[in-house]
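Accompanying notes for the structure given below.
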Amino acid sequence: MHQTHRLPPMPLSGDTLFDIRELNFRYPNGRQALQDISLCIRPGDRIALVGQNGSGKSTLVRHLNGLLGVQRGRLSYKGLPLRDQHLRRARLEIGLLFQDPDDQLFCHSLYEDVAFGPLNQGVPTEQVAPLVREALGQVGLAQLLYKSSHHLSYGQKKRAALATLLAMNPEVLILDEPTANLDSAQENILIDLLRDYSGTLICITHDLLFAYELCRRAVVLDRGRIHHDFSMRELVSHRPSLREHGLDFSFRLHAPLATAATLPAAPGAAEIPAPPAPQPPPATALDSPALVELRDYHFAYPDGTRALNGINFRLKAGESVAVVGENGAGKTTLLSCLMGIRQGRGRHLFGGRALDRKRRRELWRRVGMVFQDPADQLFCASCADEVAFGPRQMGLDQNEVARRVTAALRRVRLDGYEERVPLHLSGGERKRLAIATVLSMEPEILILDEPTAGLDPQGEELLVEILRELPQTRILVTHDPYLVGQLTQRTLVMHQGRILQDYATAEFLADQNHKSLNALALTYKAACSREIRELQHQHEHSHPHRHLHEHPHRHGDLVHSHPHEHEHEHAHGYTHVHQAHSEEHCHPPQPRYHDHAHQDHEQEPHEHEHGEDTPPRTQVQ
């Protein structure tokens, strides 16, 4: 690290960094976001803050650096309340990574964005440049030093926002969904960076495999209250608590890439069945002409960035295709060209006919797209108005609009939400509402850009179920191999604006299990998955049982031995497999008697003497 002249950190009195007592917060719309939060955070803690969408996690961490003021209760940092001069100093040593990177990237270039923090810490101007280069190098963006952040992909923006914090060398690092929309290579880089981070780490995430790798403590929020304060190991191994709070991610542990080798089941136990694989397209679709086609297609942005290079792509009716690749590979640009939002150079055909200007303007009626961030397409005062907006623009009559609104909301499990305000919904509900706004237009092709990013496990599982039922031809852009395996039959691998591979999803997933193709193999997640599966299949039962002891004892001068029965209670560990979504399980068969240590047996009352220096042998029934 470069020697710089920052303001020195504030002194810490005692062993508590943050002390929160009965903290409450209510938003102006009347929603109670936090209720009686009491929490102690010590220096060096590594905490995963988890809970369903809307449980209050982001609201809580925005109190920790003073973005939200205390309404009722107490919150202190290093022994003092977060206000006035103490708050201004605290913000220079508490780094918060927002869920949306656009919230903290506002300068003309990445250099200026990353330099902003160190300059505010008092670092001399001549010492800032090395810090900026080092921070951008840590996140793999050194080559984009003078590029505008607004011309980056979403994943690149996420890494750039993290670089703005790393350059400040914060004592406390708070991350809000840090892995959302990151490709696997960058997720591995992030893991390596955070493993070496020596300060206090607080991470909001729905990715419990990521949290398990980095965090030692898990704080569970539910409807604004702290329900549990576990060790991370205790949380992931206790499926009833995970299910209670919508965090049960066990369905992912049996995905094709969850583990490179199958974990053997306990003797006599049944394997948990894997979710059904996506059905192949209808036979008629395989013989039909392409619904949409790109031939030798190129696209460059105004700043000269070549986003697509010689793309050849055919999509037939009924197909479900995944598009994968690293951040900045050109995936989102490809989608916008398919939608007609952007126009490049080359042949673009729809239904076998080339798109002219008039037909391109009509393309929105036949191709629907769900953006990464649902806020980009939600702008009306009620859910019903959101879903009705598209059909109204199509000129449909009032009765048909009403029918489509009802059908679309029912399809995404939002019946009864017609008068709800979209901005007051949880993240998962907003994502499903965005899908409904597209479905109401009944498009032939449905394009989904990172549909599960930022969703809690329960919302993610529900969304996969909804998407699997949809009849539309689908294009799915994702960094998540689990979604690829569940929802698609064909996979395109993109790199630097080109399609490197176009093959069956089954072949793609098999390829991932043997080598790292385009950085989609996550070795740390494979290791975590195996360990968590083993933890979830172990528990202890405590019950009375009989011990059979055999030891020498005396009758006068005669020494002999015989079995002696004794009953007491202690816990035994069992390895088992639960049936899917059930607490029923079976234990492997146990012998009638087995040897184990029986501590303190000498001190328990019995009616004979033990031979000198002869420990009892103990068996249990």
Side-chain angles (χ1 to χ4, degrees), residues 1 4-25 27 33-34 37-49 56-101 103-107 113-124 127-128 131-132 135 161-178 193-194 197-204 215 217 219 221 226:
M1 181 64 66
T4 59
H5 300 288
R6 305 177 191 269
L7 289 171
M10 294 185 291
L12 174 66
S13 58
D15 62 351
T16 300
L17 194 63
F18 290 97
D19 188 21
I20 305 169
R21 291 288 176 266
E22 298 181 353
L23 181 67
N24 289 263
F25 185 82
Y27 282 103
L34 299 177
I37 297 289
S38 293
L39 184 66
C40 177
I41 301 174
R42 295 178 174 81
D45 270 353
R46 300 177 76 85
I47 298 174
L49 195 59
K57 305 182 297 296
S58 295
T59 302
L60 176 57
V61 298
R62 287 170 187 250
H63 279 80
L64 298 183
N65 74 341
L67 284 178
L68 294 176
V70 174
Q71 293 178 347
R72 185 158 59 89
R74 292 190 297 111
L75 189 157
S76 64
Y77 173 70
K78 292 187 174 180
L80 295 174
L82 278 174
R83 57 174 178 257
D84 304 328
Q85 182 62 28
H86 185 67
L87 173 58
R88 288 190 285 273
R89 287 288 304 276
R91 282 176 171 164
L92 297 178
E93 54 189 56
I94 302 172
L96 171 58
L97 179 71
F98 295 121
Q99 187 170 352
D100 184 351
D103 289 343
Q104 57 196 116
L105 297 173
F106 46 82
C107 297
D113 274 315
V114 179
F116 184 84
L119 288 172
N120 277 275
Q121 288 179 311
V123 178
Q127 296 180 11
V128 168
L131 291 175
V132 171
L162 178 60
T164 67
L165 302 181
L166 296 177
M168 299 176 69
N169 192 29
E171 285 192 54
V172 181
L173 194 53
I174 303 171
L175 309 175
D176 195 348
E177 292 293 347
L193 284 172
L194 297 179
Y197 177 67
S198 59
T200 302
L201 179 67
I202 302 168
C203 183
I204 294 176
C215 300
R217 181 178 167 194
V219 175
L221 265 68
I226 292 179

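In this structure, Glu22 places its CD atom where only 12 or fewer heavy-atom neighbours from other residues, nucleotides or ligands lie under 6.0 Å away. Annotation for Arg72: atom CZ does not count as buried by contact number, only 12 or fewer foreign heavy atoms lying within 6.0 Å.
Rounding to the nearest 0.5 Å gives a distance of 10.5 Å between CD1 of Ile94 and CE of Met168. Distance CG/Asn169 to CG/Leu131: 9.0 Å, rounded to 0.5 Å. Here the straight-line distance linking atom CG of Leu64 with atom CD1 of Ile20 works out to 5.0 Å at 0.5 Å rounding. We find the CZ-CD1 distance between Arg62 and Ile174 to be 11.0 Å, quoted to the nearest 0.5 Å.
Of the possible donor and acceptor atoms, none in the side chain of Arg46 sits under 3.5 Å from a partner among the backbone N and O of Ile202.
Among residues two or more places apart in sequence or in another chain, the side chain to side chain contact (heavy atoms under 4.5 Å, CB included) test is passed with Arg42 by Asp15, Cys40, Asp45. In terms of the side chain to side chain donor-acceptor pair (under 3.5 Å) criterion, Asp100 has no residue partners (sequence neighbours excluded). Annotation: side chain to side chain donor-acceptor pair (under 3.5 Å) contacts of Tyr27 (sequence neighbours excluded): Thr59. Residues meeting the side chain to side chain donor-acceptor pair (under 3.5 Å) test with Asp176, sequence neighbours left out: Ser58. Not a single side chain to side chain donor-acceptor pair (under 3.5 Å) links Arg83 to another residue, sequence neighbours left out. Legend: residues meeting ring pair (Phe, Tyr, Trp, His ring centres under 6.0 Å) with Phe18, ordered by chain and number and at least two apart, are Tyr77.
When side chains are defined from C-beta on, Gln71 does not count as touching Asn24, because their heavy atoms never get closer than 4.5 Å. Put simply, the side chain of His63 does not reach to within 4.5 Å of the side chain of Ile37, judged on heavy atoms. Counting heavy atoms from C-beta outward, Leu82 and Val70 have side chains that stay 4.5 Å or more apart.
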Determine whether Val132 and Phe116 satisfy the following criterion, side chain to side chain contact (heavy atoms under 4.5 Å, CB included), listing intermediate values before the conclusion.
CA-CA 10 Å; Val132 171; Phe116 184 84; over 6 Å; no
Leu96 vs Leu173, test: side chain to side chain contact (heavy atoms under 4.5 Å, CB included). Steps then yes/no.
CA-CA 6 Å; Leu96 171 58; Leu173 194 53; over 6 Å; no
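Between Lys78 and Glu171 there is a salt bridge, with a side-chain nitrogen of the basic residue lying less than 4.0 Å from a carboxylate oxygen of the acidic one.
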